[in-house]
Every structure is written in C-alpha cells, then in structure tokens.
Student: 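The structure's right below; bear with me while I get my questions together.
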Amino acid sequence: MAGIWLDVLDEIARTCSAHGRADLLQTVRQKRAQLLDPTLRVLVIGEPNQGKSQLINAIINAPACPVGDGRTTVLPTVVRHAEAPSAVVAQAPAPASGRPAGAAEAVTVERTPVALNQVAAGVAGMVGRRPGGGPAYVEIGVPRALLGAGMVLVDTPGTDEVAGVGGAAPVAAPARADVVLLVSDSTRELSVAELNMVLHVMRSHPNVVVVQSKTDLVADWRAVAQRNRQHLVEAGVPVTLIPVSATLRLRAAAADDRGLNAESGFPELIARLQRDLAGKANHLARASVQTVARTVVEQLAAPLRAELATQETEEQSGPISRLHAAQREVDELRRCSTRWQNTLNDEIGDLLSDIEYDLRDRTREILRTVDEAFDTADPLVAWDTFQDWLERSLIEAAEANREWLIQRCDWIARRVAANFNRYGYDVLPAWSMSMPDDIGERMPELQRPTIDRFTTGQKLFTGMKGSYGGMLMFGLATTLAGMPMINPVSVGIGALFGGKSIRDESKQLLRRRQATVKTTIQRHVDDVFVRISRDCRDAVRQVQRMLRDHFTALTEELQAAIVQSFRSAKQEADTDASLREQRQREIRLKMTRLAALYEQAQQLTGVRSAPLLLEPQT
C-alpha cells in the first residue's frame, strides 16, 4: 500500500539532495518517518479559552488535560495510550550554537515523572521543567482503546498566531501532525486570525478539521456553523467543520446515553479520526506527500525563477551591455576621426587664405603710403629716408603677419584637439613652427632705382632750344614793324621761352623719377610678398603635417585600445552568453523535472490542486 507514495517521497528527498537543500531534505525525512509510523498524531490548535483541553478529554472520555479554575496551558500536552495513568515532563537539552534544524530530536530528552495531581502544574510549566533547558512538553498516558489503536492527541497552548503554535516545542509543529483540529467555540463566528491560521496550516498540511466547540452554550449554534462554513468557502479553504459539545459528550458517557452522545457531535468527529487512522498508510499519506511535493517544488523553483530573471537583467547590464558600449566607442572613434580630419583640413585652408589676405592688405597699405609720398616728394632728395622707412614697414608687416599666423595655428590645434575631449585627457600636442628669426635678412635687397638727373648742360641745351624758337617767332613779328629780327624784345621773349622750357623739362623729369621709384617699389614689395607668403605657406604646411601625424597617432592609439576593449568585451559576452545559455538549459531542465515530480505527486490522490508557476513572470 505504501509503495507508490513512498517512491514519490523518496524521489522528493533525492531532488532536495540534488539541489543542495539540506533543510528540505531533513523535513522530507521527518515526514517519511512520520508517515511510516502507524500512530495517528492529532494536533489540537486554536485561540485561548476555546475548549481545546476539554475537547481532548471528551474524545478519550477521561480527564487527561487540566481544565477549569482559570488554568492556562503553557506547555504542549501529549496524550497517548498507557497501561496505567501516568504523566512526565519531557525536556530536550538546550540547543547548541550551530546545531542544524531538527537536531534536537536526535538527542535524548530528559523525562521527569510528575504525580497525577501535579499534572495541572506541569502543564502550566511550574514543575518538572529545568530552567535553561530546551523545549519541553507534558506527556500523559491514559489506558483507552482509542489511544491504544494508535492515536496520539496533542493539546497546544492558546495563540493568535500560527508561528506561536510550534514555538513551545517541536512536538506542536503542524507539519509533524497527521490531523490538525482547529477549535473555535460557538459564541462567535470564525475570526480573521482563525481563518489566517487555517490558511497557514493548510500550506503544509492536507488534513485540517475545524471543530466548533461549546454548542451547548449557544442556542443558534447551527446558524453560527452555517456562517462559518460560508466563511471557509469564501476564503477558499476546503475543510470540514464539525460542531461538538464536550459537556454533552462527557455527560452522555457518564449516563451511558447514546442519544445525548449523538447530539454532542463527537461520533462524527471520532469517526473522522478513526477513518484517518485506518487510512493513514494510504489516502492520508498520499495527500501528505502531495502537499510536501507542492511545498518542496515551490521552494526549489523559487530560486531558479529568480536566477532566470536575474540572468535576463544581467543580459542587459552585463557583458552584452559592455559589448554594445565598446561597439559604440568604436563607432564614435570613427566619427571622431572623420571630424578632426575635416576640421584640420578646413581650418588650414581658411588659414592659408586669411594669411595671404592679411599680408596682401598690409603691403597694399604700404604701397598706398608710397604712392601718396612720391606724388610730391623728389626721389633724389627723399630716397635715403624713404628706403629706411620702407624696409622697416615691410619687416613690421611680416612680423605682425607671422604673429597672427602663430596664434591661428595654436587656435587650430586646440580646435582639432577639442574633438577628443570625451576621452578624458589632454591631447594638445607641443607643436612648434620653423620660421626665420631675422625676417629682415630673408627679404630681398631693395636696389636703388636709376634716376635721371637734370644736369647744367641739359638745362643750357633745353633753354637754348626754348629761347631760339621764341626769339625767332617774335623777331619775325617785329620785322614787320621795321625792327631788326634780333632786338631787345625778341631777345627778352626768347629768354622767357628758354626759362619756361627748362621748368617744363624739370617737371617731366621729376614725374619720370617718381614713376620709376613707384614701379621699383611695387616690384620690390611684390618680391617681399611672394617670399613671405611662401615662408608662411611652408610653415602652415609644416604645422598641418605635424598636427596630422600627432592626431593620427593618437587616433591609432585610441583605436588599438578600443578595439582591444571591444574584442575583450565580445569574448566575455560570448563566454557569458554560452555560460548563461548552458545555465538556462540546466535551470529549465531542473524545472521540467520539478514539474514532472509535482505531476507525479498530484496523481497520488487523483485530486489536482492549483497549478504551480515554474516559469519566471515577465
């Protein structure tokens, strides 16, 4: 009879061991030993003053548990069969530090006999218990046929919380009971705490009965029972409710009144307990294994579900995330490389144009000054002074142009370096510009232009030509008046014409000298412009190559580091994905086995409970 459920229970134990859950394994082993024990352990729980002790006395028809006179049950009371009435206080040693759960039962308990008239004091914890010891309980032996058939009744201290039910001693834990009787009197309906108590107990125990006691005290106890059954249905608790009266039961036993006994409700309760005792090895054991399977599978599946959910989260924030970040870094470096090259080329192109325009503008200003000066000045007189000014002005223009060039190159270097700001360190190169220190030595020498001078002979010859024509013209005119051709008038007029010719020729020679000087200076300034422009272009190209080489090397260095990081991240992501996939397969395989184990346990009774959620919620 025990073969099927026992195989399932052993499989549950092996599953607990495979998952490394020693605590669950200990619980399963205890449940196995309990189910193989033919004794039916009945645990009576409930809130204080509900008639639990009197209920046990009425079941066995003997005053085993102390009642009345305001007595309080402090220690659990175990009522079992004995040939003669007896009572002992059993106490386990104090739990040692580091002792695993359940180890207290493996040691020998200390048993202190208690006189029958001291049972009430023993239950109240006043006698037989050693201070500083471990959990204790009172064991009472009564010669009764019902107990002799293998039934053990456990009376527990009154409590409003299920956690307190087993707090006094391990014998009072609901998980170690075969049947749990929750006692609630008929003076009121089931409280919220009692309903929560039933729900809590049923998580680990399949066989729970609600006993509505003290029906003899309430005239409409049937209405209370009906409302209680309705509360149980609404709470989703599939338990049986049995109304009883311990007073009527004991009175019927004293008077041997079968009708009164039937009215007490105890025949139904005792029949239920006897059926459970007879069916412990079959139906009751199967239901218990089903409950154990559900509890174990839930506890084993919970960390697996959490691990799957964690892996899904880590997939977004772990190596895969770092791989995506490394890929973004590679793409960003590629864009950065394009940006700094475009910036460098554009700024260098603008610089060449601006430097040439600046130098051209400065030389044009010099040429305008030259034109204005030699529109009135005579090169014969002002050349030496002007030559010094011209050379000095050209040097100043070249130096100003070079200074501006240096500032612009520094600005360009910083502008290009700004593209690398996101990488968190200074990438500005220690650049330099190779240009002649002495600009004056680099300028072409200004040759003195060939300037025509108006010599004395030339003046004499020019004056003679001018005077001859004037004298001849006026001499002929005077001959008409009867005067000789050469007369004082013609001679005076000739002298005037000769002076005018000398002055006109002197002005023409001055304009030719000025034009010659302007042309000479224009060519010289053009030569200076060409040479300085070439030096500036060479310097700009040098700076461009230097910046290009520096930032190219920097880009390659960053690229090598980022590519290495990308490869490491990809390798780590591949390894992590492989390990995660392998672990997910293992988890899903374990979940499949847990589901199969749960399904196998469900088939023991043919009554399926609510399905388990084994897959993680999304």
Side-chain angles (χ1 to χ4, degrees), residues 1-17 21-45 56 76-81 90 92 100-109 134-135 137 139 146-156 162 165-182 200-209 239 272-299 597 600-601 604-605 609:
M1 297 292 292
I4 299 178
W5 64 261
L6 190 58
D7 291 341
V8 175
L9 195 60
D10 290 341
E11 181 62 25
I12 295 175
R14 286 191 292 270
T15 303
C16 293
S17 179
R21 291 294 300 271
D23 54 338
L24 293 179
L25 179 60
Q26 179 70 17
T27 301
V28 174
R29 286 176 176 174
Q30 291 175 353
K31 179 61 69 174
R32 187 180 191 276
Q34 173 191 336
L35 294 179
L36 290 177
D37 185 359
T39 301
L40 182 71
R41 194 179 191 87
V42 181
L43 186 68
V44 182
I45 64 174
I56 293 178
T77 304
V78 180
V79 182
R80 63 174 67 248
H81 177 74
E105 292 191 354
V107 298
T108 303
V109 298
Y137 61 94
E139 183 175 307
L146 185 62
L147 300 178
M151 188 179 300
V152 176
L153 300 173
V154 182
D155 186 16
T156 62
V162 176
V165 172
V171 296
R176 302 187 183 185
D178 298 308
V179 181
V180 177
L181 302 182
L182 186 141
H200 183 85
V201 172
M202 288 198 66
R203 293 177 184 175
S204 59
H205 202 284
N207 196 7
V208 180
V209 178
V239 299
R272 168 65 183 268
L273 296 178
Q274 288 175 335
R275 287 196 304 271
D276 290 339
L277 177 61
K280 179 178 179 179
N282 187 12
H283 178 73
L284 184 59
R286 290 169 182 263
S288 297
V289 171
Q290 188 180 52
T291 302
V292 170
R294 182 179 183 88
T295 301
V296 170
V297 169
E298 283 180 344
Q299 296 195 38
L597 179 62
Q600 185 179 3
L604 291 176
T605 61
S609 58

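These numbers come from a predicted model, not from an experiment.
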Student: What's the separation between atom CG in Leu24 and atom CZ in Arg29, rounded to the nearest 0.5 Å?
Tutor: 12.0 Å
Student: Evaluate the side-chain proximity of Val180 to Ile45: yes if any heavy-atom separation is below 4.5 Å, no if none is.
Tutor: yes
Student: Let's go through Thr27 and Val292 carefully: what are the C-alpha distance in whole Å and the side-chain angles of both, what is the deciding distance for side-chain contact (heavy atoms from CB on, under 4.5 Å) to 0.1 Å, and is it a yes or a no?
Tutor: CA-CA 9 Å; Thr27 301; Val292 170; over 6 Å; no
Student: Using a 3.5 Å distance criterion without hydrogens, assess whether the side chain of Thr295 forms a donor-acceptor pair with backbone atoms of Thr291.
Tutor: yes
Student: Is the side chain of Trp5 donor-acceptor paired with the backbone N or O of Leu284 at a distance under 3.5 Å, no angle test?
Tutor: no
Student: Please find the pair of heavy atoms, one from Ala13 and one from Leu25, that lie closest to each other, and give the distance.
Tutor: O-CD1, 3.4 Å
Student: Would a 4.5 Å heavy-atom cut-off, applied to side chains only, mark Val289 and Lys31 as touching?
Tutor: no
Student: Check whether any side-chain heavy atom of Leu273 lies under 4.5 Å from a side-chain heavy atom of Val209, and answer yes or no.
Tutor: no
Student: Do you know the tightest heavy-atom contact between Gln34 and Lys280?
Tutor: O-NZ, 2.9 Å
Student: Would you please name every residue forming a salt bridge (Lys or Arg N to Asp or Glu O under 4.0 Å) with Asp10, sequence neighbours left out?
Tutor: Arg32
Student: Sub-3.5 Å donor-acceptor pair from the side chain of Thr156 to the main-chain atoms of Val44, do we have one?
Tutor: yes
Student: Would you mind reporting whether Asp178 and Asp276 have side-chain heavy atoms less than 4.5 Å apart?
Tutor: no
Student: Ignoring hydrogens, what is the shortest heavy-atom contact between Leu277 and Pro38? Give both atom names and the distance.
Tutor: CD1-O, 3.6 Å
Student: Would you indicate whether the side-chain heavy atoms of Leu36 and Leu6 approach each other to under 4.5 Å?
Tutor: yes
Student: As an exercise, state the distance from CD1 of Ile4 to CG of Leu9, rounded to the nearest 0.5 Å.
Tutor: 13.5 Å
Student: Working to the nearest 0.5 Å, report the span between CG of Asn207 and CG of Leu181.
Tutor: 8.5 Å
